[in-house]
Structures are given as structure tokens and as C-alpha cells.
Amino acid sequence: MNVKTNLSGFRYVDVVVDVPAVGDRKFTYQVPEGSALPYGAKVQVPFGRKQTDGYVAGHSSVKPDFDVKSVSAVYDLRFLPPDHLLRLGEVLKEHYLASTASFWGYLWPPLVRRRHLEPGTGFDEPAGCRLLRTKQMPTAPGSFAGSLFIQGPASFRWDYYCAKIKEALDSGLGVIVLVPEIRKIDAAIRALQAWYNGPISLVHSDLPGAARREQWLSLLTGDSMLAVGTRSAAFSPVKNLGLIVVDEEESHLYKAGEFPGYNAVTVARARGNLENCRVLLGSFVPSVKTGYFINKGRLKPVKPSTPGLNVNVTHETISMLGRKRRVVISKELHLALRDIFNDGERAVLFLNRRGTSSSLVCTDCGNTIMCPRCSVSLAYHARDSQMVCHTCGYRRTAPLECPVCRGHTWKPVGYGIDRVVSEFEKRFPGVPVLQLDQDSESPENVIEQFRSSSPSCLLCTQMVLGFEIPPVTGLGVLSCDNLLGFPDYSAPEQVFRLLMNLVHLLKNSGGNQQKRFVVQTLNPQHHAITGVQDPESFYVVESQNRADLNYPPFGALFKIEFSGKNPDMVRQIAEKFAAEAENHSNGVQVLGPGPAPKPRVRGRYRWIIMLKSKKREVLSGIVKQVWPEVSHSQVRMTVDTEEPFGIG
DNA sequence: AGCACGCCGACT
DNA sequence: GTCGGCGTGCTC
């Protein structure tokens, strides 16, 4: 029996439709006589009043007992994902509690052409495309069996990656290389082209649709065996896949923000399992999770550690306890800066807060200017005399008069980077200060100006970590206590990583062999801060803390968010859900419900529940069972089944 | 998500 | 009497 006869026997297909509210239900459509649609085919179908995209997820030959509509169009079958990628989608949709359609959607590039199916007109499907799923495959993202980890600075990691990539390509295997952000692709391409002159396929969301489509096709056909890109490239249809490289595996950018928030590292792991390929992770400051996998022997570290730079950094932790809160630059830091500038050298000051002050408070009545749509105060930006919401972007001019009591004096509360500039200028007149943050118009320009003068000072946020900076002698962290105070179990890890990266930035900038790293903090004994001088100890303490409390990677953690326009309703449903989940108690811990860290965003009220258990299947089971019991049309629920959970 | 159906308040 | 509010439920 040939394929054609096989396909033509089925007049009906089950379609999973790409409509969020419909979940994973299948709908049956008719296929015109003489046409045939393989498993996984992307189709357009009439759904309700509109046309919607969907995917073929089953076949039958008997007419159902309701009126069936017909499939209206089929997308170019040259783009049909291979079996193992369809299976990948199924594994991941289960892992993330999402729909099949949402994950199969990642397997198609944009701008694929579709052709209409007219009744009675058949078409030729590509030879060899199969109708049904062929073989049984794993059901979970799986472990890191056979996977490797390399720790060290970028140049060191890339040397190793290239050796492994060459090995794979030389033996006819395909390779995917993932980097956390688009701007890092250039450097990756340069490293690869130094020794490889075959085709390299770029895969990232900034590429024009047609280009993405062509890259995708050349991977599908095997014309190109090497894909390089950001997180969406984890789905690229590389043939005969032998290796996936994930650089900076700890980056939060691998986790997609919008639902379903898949993590490209998990996707890589799942593919490693399904396609029996190697996964190679690399990092300068590995995540606690990766540390755990290495400890368990599930990830093999390939070389002990970094060849040290010949640079000596002294660490100074300045306790800000018991000092006036208005002190921005402590006496100790001031003296360190003075020495550096007197020697004609450069310094960097780091602060993780934009604007001039976190908020304005009326001195007469205590009123604070709040965002009209979010439950956060508006930050004051003196540069343009604007009040800005750092959550939703809302802007207004700063008020002259208090809307509550008509008072005219405002007190700034908390300091942001703009205020540090004026403080700095008072203390060090004559030393040029450059400012680098999200409000900077041309970051490259700022860095250039910083490079062109010495002494000088760069005042910056996290943004600095993406740049090459000129030689710097000292780096001062003005505060990181706000980060440490986030109600999130991973806050210590994030602060530790931030500080490690800042030390590395300082070390690596070149120049002076004797450098100073100064941290001002209200938590001088915290392991995230002391750990910077002894990284091993950080991993030990943090792992112990998480193990004690069953936090990932020692247990599963789901974040469930309820949102809606009616605050009482949202709260009620969240409470009902929590109570039901508690009832289940299969060794489940229910944390909450409580209002989200930002209880109102864009006019929607938000409540949160965290579910903790040793086994993630227990949590999946609860969500699947409880939500249908308590669901309400005015409340939306979204589940995030994998860390890192964003804050807010 | 859209979009209809359906059942109660104030209007030419 | 009807126009229209948005709560509820369906989409092959």
C-alpha cells in the first residue's frame, strides 16, 4: 500500500486550534476528496465566525454526528516539522501546561505560504510524509544524560565550543548554538567563521520574516547544518542534530516572558533526550540549578576552572547600617574614589534604580504620587521633569501642587541614578561623570566618552554588563539591597551573579593590576555578598537553604496568577483555588494566596499562589483538576511551571 | 479571544 | 412596548 492511498482513506482530520481559551480540545474538519493532510500539518480552518490557524493532530474515516466544516487551506508542506519535533512540542506542552497548538506554532517560521483547498481538487503531498506518529518516544524533558558543562570567561568557553562544534560537523551531525540576546550573535558568528566556511543559519526574532523562512528551509533540507540564534532557535529544524551549545546558560533571557514561558535550556534538554544529542552548557557564573546537576553527576564539568587573570582585586564591604538613609556615597567609598581620581584613573558606580527618586511625597499631607493604572508610585525624573511608571511606562509632568492638600513642597524618597549624578558633581567637581541607563539615548556614545577621558566616572545600571568598557581601577556598588529584598527565593542568586559579573567587568577592563571592588550594603553578612570572595561557599549555603525549604532545584515550584478587573472576584477565586489545592494535599505546600508584588497592573488586579511539591507531576495534576472546578469567566488564570519566575 | 444569546433597567 | 447593559457559553 503506498502512502497516497493510505492518506486518502481519511476524510476527516482532528485539528488543534491556535485559540488560547479553547485549550487542547480537538475539532473535526473535513478534507476534500483526493486531498490528504499529514499529522502535524498546519492548516487554516473556519472557527466560530473567523478563520483560525490550527494543526492536524488526528485522523478518522467515519463521519461525526455533527455538521463538519471543511479545512480551508493548508500551509506549504515543505515546512512540515519532522516527527521528533512534533513529539518535542507534545512533551513541552505537557511540561508547561499549555496547548499543543501553542508549541507546534514554534515549529513554523513566519510567512509560509498556504494554498486553498477547493472541494474536489486534490494535491500532491511531498513523497514520504507520513500520516500518523511512528514510534514511541520519551514523555518528559528529561535529564542531562551525556551533557557537558564548561565554566570560564567568554574566550575560554568559545574555544571549547568551537572544538566540539567542529567535531560534530566533521562527522556529519548538525549543531544549534544558543546565545541569550541578539547582540551576542555577531561575536558568535565571528568565532565560528574563523574556521568554518559552510553556511550558518541565523535564527532570531529581529530577522525579517522572509529571511527567517529561508533559513528555516535550508535547515529542514540539510543544506545548512549549523543554526545560531536566541531562544527561539532552540526549535530550529536542524537535521541529524548532534550538539546543542547553550552559552551563558544562567541567563534569564532564555525564559520567554509571554505565556507559555518556555525556557530554551529546558527545550535543549528535551531535544537532547528525544534526538539523542549532546547538550553543552557554558557560563561564567553558573546557576544554582546547574551547580546542583553537576553535583549530582548529571552534568559533567569539562575543565576544572578558569585560568586566572593577573589582576588583583581587593574587596571591601561597607556596612550602611546605622547611617543616615540619605547618604548615597559613604565616607569610605568617597575616599576610594578620591584616590582613584587623584591618580588620573577611572571608576564605575553601579546603582540599579533609574530616575532621580523612587517617588515624591507631599511634605504637608504625606500623599505620594501613584500610577493611575498600577499599584506603584511614580518615579521622579528630574532631567525632563517627568513622573514615570517603571512598571507600565505611564508618564506625566511632575505636579506643582499636591492634588490632595494643594501643598507646594515635595520630598524625594529613595534615590535613583539621576540624583547620584548631582551628588557626585558636588563631591568631585571637575571629574567628568557619564550616565548609562535605559534613559540614555546612545549607550555606545556614553561608553566612548567614558573611554576618551581619564579621570572619569561611569554611573550605570545593569545595562553596563553588555558593553566593553575602558580600563577601570575601581567599581562601587552603591546599593543592591533593594534586589536582595525582593520576595523571591532566587533573589540571593541574582544578587550574587550581578556582583560576580561586576567584579569580572572590573577585572577584565584592562590596565591597572591593582583594583578595588566596593559594595555598600545593609546586609554585610549575607551569603550573596560574602560569597563574591568565595564562590564555592555561596553555592553551598544557597543549596542548603533551598534544600531546607524545598525550593528548586530540590523541588517543583509553580506560580499561579489570577487576574481580573474586579478585585473581590479575583481574590475570591484565588482563595477558592488555594483551599481546593490544600484539600488535595499530596505533600503539597500552598503559599498564599496573596496580592502580587504589584497588585494592580494596567487596571487588572492580580493575586498569586505558589505551589510547592517534591514532584512536579503532583502540581500539574492539581492545576488540571482544580481550575475547572473553581474557574470563573471574569478571572484569568496563568500558570508558570518553571523558574526563573520574573518579579512582579 | 471574539461573538452571539439572553434576561433585567430606562427610554423615544 | 423596545434599545441595550454585560454575564454566560460556544466555537467542528
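Residue numbers start from 1 in every chain, and the chains themselves are labelled A, B, ... in the order their sequence lines are given, proteins ahead of strands.
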Which is the 5'-most and which the 3'-most nucleotide of DNA chain B that has an atom under 4.0 Å from a heavy atom of chain A?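 With heavy atoms of chain A under 4.0 Å away, the range is B:dA1 to B:dA4.
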Give the rounded distance in Å between these two atoms: [atom1] of [X] and [atom2] of [N].
{"X": "A:H632", "N": "C:dG9", "atom1": "NE2", "atom2": "C1'", "value": "13 Å"}
{"X": "A:D67", "N": "C:dC10", "atom1": "CG", "atom2": "P", "value": "17 Å"}
{"X": "A:F66", "N": "C:dC10", "atom1": "CZ", "atom2": "P", "value": "15 Å"}
{"X": "A:Q44", "N": "C:dC12", "atom1": "CD", "atom2": "C1'", "value": "15 Å"}
{"X": "A:F27", "N": "C:dC10", "atom1": "CZ", "atom2": "P", "value": "11 Å"}
{"X": "A:Q51", "N": "C:dC12", "atom1": "CD", "atom2": "P", "value": "10 Å"}
{"X": "A:D24", "N": "C:dC12", "atom1": "CG", "atom2": "P", "value": "17 Å"}

If you look at every strand shown and take non-hydrogen atoms under 4.0 Å, does [X] touch a base, only sugar-phosphate, or nothing?
{"X": "A:Y29", "result": "sugar-phosphate"}
{"X": "A:Q634", "result": "sugar-phosphate"}
{"X": "A:D14", "result": "nothing"}
{"X": "A:P46", "result": "sugar-phosphate"}
{"X": "A:K26", "result": "nothing"}

Next item on the list: Kindly say whether A:S563 contributes a backbone atom to a donor-acceptor pair with the side chain of A:R636 at under 3.5 angstrom?
Entry: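 Side chain of A:R636 to backbone of A:S563: no pair is present.
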Before accepting this row, confirm whether a basic side-chain N of the pair [X]/[Y] lies closer than 4.0 Å to the acidic partner's carboxylate O.
{"X": "A:K559", "Y": "A:E643", "result": "no"}
{"X": "A:E248", "Y": "A:K184", "result": "yes"}
{"X": "A:D640", "Y": "A:K255", "result": "yes"}

- prompt: With nearest nucleotides of DNA chain B determined for A:R49 and A:P20 from heavy-atom distances, which residue corresponds to the more 5′ nucleotide?
  reply: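 In this pair, the answer is A:P20.
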- Query: Do A:K612's NZ or CZ and the ring of A:Y551 fall within the cation-pi criteria of under 6.0 Å and 45°?
  - Reply: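 A:K612 over A:Y551 ring: yes.
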Heavy atoms of other groups near A:H252 NE2, more than 12 under 6.0 Å
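Count not over threshold, so no.
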Item checked: Partner set under side-chain hydrogen bond (donor to acceptor under 3.5 Å, both in side chains) for A:T266, not counting sequence neighbours ->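 Listed in chain order: A:E642.
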- Message: Is there aromatic stacking of A:F47 on C:dT11 here, judged by a ring-centre distance under 5.5 Å and a plane angle under 30°?
- Response: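 Ring-base stacking flag set for A:F47 and C:dT11.
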